[in-house]
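One structure is given below, encoded as structure tokens.
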Amino acid sequence: MFVQNLQENVKYSYDYDHDVLYIYLGEPKVSYDDEAAPGVFIRFSEEDEVITGIVIMDYKKRDIECIKKFIPVNINFHTINEQIH
């Protein structure tokens, strides 16, 4: 697993063994998950309901354009895919 900066305050890590993409938005906060679609989780701060991250299970098997419909923030998946494939 590795962590890479996408842009300021946006980082990601990818678990090759389990095919899980973790996207981190802003500073770490105590958060809870809400399943936006099967295997796609949006993380929200318990303090102020701000989005703190995204978790995508079975990432390499997914249609990214379909996933984007469930994610309320703009993520550059093209850059991520170039670095993890």
Side-chain angles (χ1 to χ4, degrees):
M1 186 179 326
F2 67 94
V3 176
Q4 179 71 37
N5 287 330
L6 285 175
Q7 58 194 35
E8 188 176 335
N9 288 326
V10 179
K11 298 178 182 175
Y12 76 91
S13 64
Y14 178 69
D15 181 337
Y16 286 96
D17 294 331
H18 299 101
D19 191 20
V20 179
L21 177 67
Y22 301 91
I23 300 171
Y24 311 99
L25 306 170
E27 296 299 317
K29 295 182 179 182
V30 175
S31 301
Y32 67 92
D33 296 339
D34 184 26
E35 191 167 16
V40 178
F41 300 88
I42 310 298
R43 298 188 47 78
F44 295 93
S45 166
E46 289 184 0
E47 179 182 319
D48 54 13
E49 300 290 318
V50 170
I51 296 173
T52 60
I54 300 164
V55 178
I56 304 172
M57 312 289 286
D58 299 318
Y59 178 71
K60 288 186 178 180
K61 299 173 187 167
R62 303 247 183 194
D63 176 358
I64 297 306
E65 292 306 313
C66 183
I67 289 174
K68 286 181 180 181
K69 296 175 190 174
F70 300 103
I71 298 175
V73 293
N74 187 21
I75 300 295
N76 187 343
F77 288 102
H78 179 72
T79 300
I80 293 171
N81 289 337
E82 285 181 343
Q83 295 176 357
I84 68 172
H85 288 293

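Computed from heavy atoms alone, side chains included, the values below leave out hydrogens, waters and symmetry copies.
Using a 4.5 Å cut-off on side-chain heavy atoms (C-beta onward), Phe44 and Lys29 make no contact. At least one side-chain heavy atom of Ile75 sits less than 4.5 Å from a side-chain heavy atom of Ile80. For the pair Lys60 and Tyr16, the minimum side-chain heavy-atom distance is below 4.5 Å.
In terms of the salt bridge (charged side-chain N to carboxylate O under 4.0 Å, His left out) criterion, residue partners of Glu65 (sequence neighbours excluded) are, by chain and number, Lys68. Scanning for side-chain hydrogen bond (donor to acceptor under 3.5 Å, both in side chains) contacts around Asp33 gives Arg43, with sequence neighbours left out.
Atom-to-atom distance recorded for Met57:CE and Tyr22:OH is 6.5 Å, nearest 0.5 angstrom. Rounding to the nearest 0.5 Å gives a distance of 11.0 Å between OG of Ser45 and CD1 of Ile51.
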Applying side-chain contact (heavy atoms from CB on, under 4.5 Å) to Ile56 and Ile71, what does each step give before you reach the verdict?
CA-CA 10 Å; Ile56 304 172; Ile71 298 175; 4.2 Å; yes
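Contact between Pro72 and Ile42 at its shortest, heavy atoms only, is CD-CD1, 4.0 Å. When all heavy atoms of Tyr24 and Ser13 are compared, the closest pair comes out as OH-OG, 2.9 Å.
Side-chain contact check for Asp19 and Tyr14: at least one donor-acceptor pair (N or O, by modelled atom type) lies under 3.5 Å. For the residue pair Tyr12 / Gln83, a side-chain donor-acceptor distance below 3.5 Å is found, with atom types taken as modelled.
A donor-acceptor pair under 3.5 Å is formed between the side chain of Asp15 and the backbone N or O of His18.
The local environment of CD in Glu27 is sparse, with at most 12 non-hydrogen atoms from other residues, nucleotides or ligands closer than 6.0 Å.
The residue from Val50, Asn9, Val73 that alone fulfils the side chain to side chain contact (heavy atoms under 4.5 Å, CB included) condition with Leu25 is Val73.
Cluster annotation: Ile67 and Ile84 are assigned to the same hydrophobic cluster (Ile/Leu/Val/Met/Phe/Trp/Tyr, side-chain heavy-atom contacts under 4.5 Å, transitive).
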